[in-house]
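So the structure is just underneath, and the comments pick up after that.
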Amino acid sequence: QVQLVESGGGLVQAGGSLRLSCAASGRTFRRYCMGWFRQAPGKEREFVAHINWSGGTTYYRDSVKGRFTISRDNAKNTVYLQMNSLKPEDTAVYYCAADPRLVCQTVVALWDYWGQGTQVTVSS
């Protein structure tokens with residue numbers, strides 16, 4: 001089992017930045033794909049970004065490319081999401097997730113472990 005705890009959410013004005021963190025514990029973290037997802041009120045949870053176990057491969061949904069950066073520090077068992085140039089449409093609860101697959105993927109239902117979420121609110 002893997003336990004994930006997100007932190008770093010908050011209220012920020014449009015154009016601002018936030019850095020989310022996800023601390024992992026339990027089963028080994030290093031070899032897992034790690035991802036960030038988000039869910040706005042009344043909407044389905046959607047993929048934001050993922051990173052492979054070594055940190056060498058990342059992938060983002062189109063709407064956040066160039067603005068968000070996912071990274072991981074395996075020595076600290078932590079994955080990050082740096083969010084810049086935030087927009088009101090980025091407002092959502094952000095969740096981190098873990099997946100033991102060798103190749104990371106974007107389908108929400110196929111991720112095995114989830115954190116509790118952290119609220120990100122971007123005001124206009």
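Keep in mind that what you see is a predicted model, and the values were worked out from it rather than measured.
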Met34 side, atom CE; Leu81 side, atom CG - distance, nearest 0.5 Å:
11.5 Å
Is the side chain of Tyr94 donor-acceptor paired with the backbone N or O of Gly8 at a distance under 3.5 Å, no angle test?
no
Minimal non-hydrogen separation, Trp53 against Arg72, with atom names
CA-NH1, 3.3 Å
Any idea which heavy atoms bring Tyr80 and Asp73 closest together, and the distance?
CE1-CB, 4.1 Å
Okay, side chain of Asn52, backbone of Gly55: is any donor-acceptor separation there less than 3.5 Å?
yes
Can you tell me if Gln82 uses its side chain to pair, donor with acceptor, with the backbone of Thr69 under 3.5 Å?
no
If you measure from CE on Met83 to CZ on Arg67, what distance do you get to the nearest 0.5 Å?
9.5 Å
Tightest non-hydrogen contact, residues Thr78 and Ser21, listed as CG2-CB, 4.3 Å
Partner set under salt bridge (Lys or Arg N to Asp or Glu O under 4.0 Å) for Arg45, not counting sequence neighbours
none
Mind checking the CZ-OG spacing from Phe68 to Ser17? Nearest 0.5 Å is all I need.
9.5 Å
Just checking Lys43: does its NZ atom have more than 12 heavy atoms from other residues, nucleotides or ligands closer to it than 6.0 angstrom?
no
Can you pull out every disulfide bond (SG atoms under 2.5 Å apart) where at least one residue sits in residues 38-69? Sequence neighbours excluded, please.
none
Nearest 0.5 Å please: distance from the SG atom of Cys22 over to the CD atom of Glu6.
5.0 Å
What heavy-atom pair brings Ala14 and Ser124 nearest, and what distance separates the two atoms?
CB-CA, 4.3 Å
Shared hydrophobic cluster for Val12 and Val93 (ILVMFWY, side-chain gaps under 4.5 Å)
no
When every non-hydrogen atom of Ala40 is compared with those of Thr91, the smallest separation belongs to CB-O, 3.8 Å
Applying ring pair (Phe, Tyr, Trp, His ring centres under 6.0 Å) to Phe37 and not counting sequence neighbours gives Phe47, Trp111, Trp114
Quick one: does Arg38's side chain get under 4.5 Å of Val64's, heavy atoms only?
yes
Gap separating the CD atom of Gln1 from the CG atom of Asp112, nearest 0.5 angstrom
9.0 Å
Any side-chain heavy-atom pair from Leu110 and Gln105 closer than 4.5 angstrom?
yes
Determine whether Gln116 and Val5 make a side-chain contact, defined as any pair of heavy atoms from C-beta on separated by less than 4.5 Å.
yes
Can you tell if the side chain of Tyr95 reaches within under 4.5 Å of the side chain of Leu4, non-hydrogen atoms only?
no
For Thr106 and Arg61, run side-chain contact (heavy atoms from CB on, under 4.5 Å): C-alpha distance rounded to whole Å, both residues' side-chain angles, the deciding distance at 0.1 Å, then the answer.
CA-CA 9 Å; Thr106 65; Arg61 70 178 299 111; over 6 Å; no
May I ask you to decide whether Asp62 forms a salt bridge with Lys65, counting only side-chain N to carboxylate O separations under 4.0 Å?
yes
How far does OH of Tyr113 sit from CG of Asp99, to the nearest 0.5 angstrom?
10.0 Å
If you take all heavy atoms of Ala92 and Gln119, which pair is closest and at what distance?
O-NE2, 3.4 Å
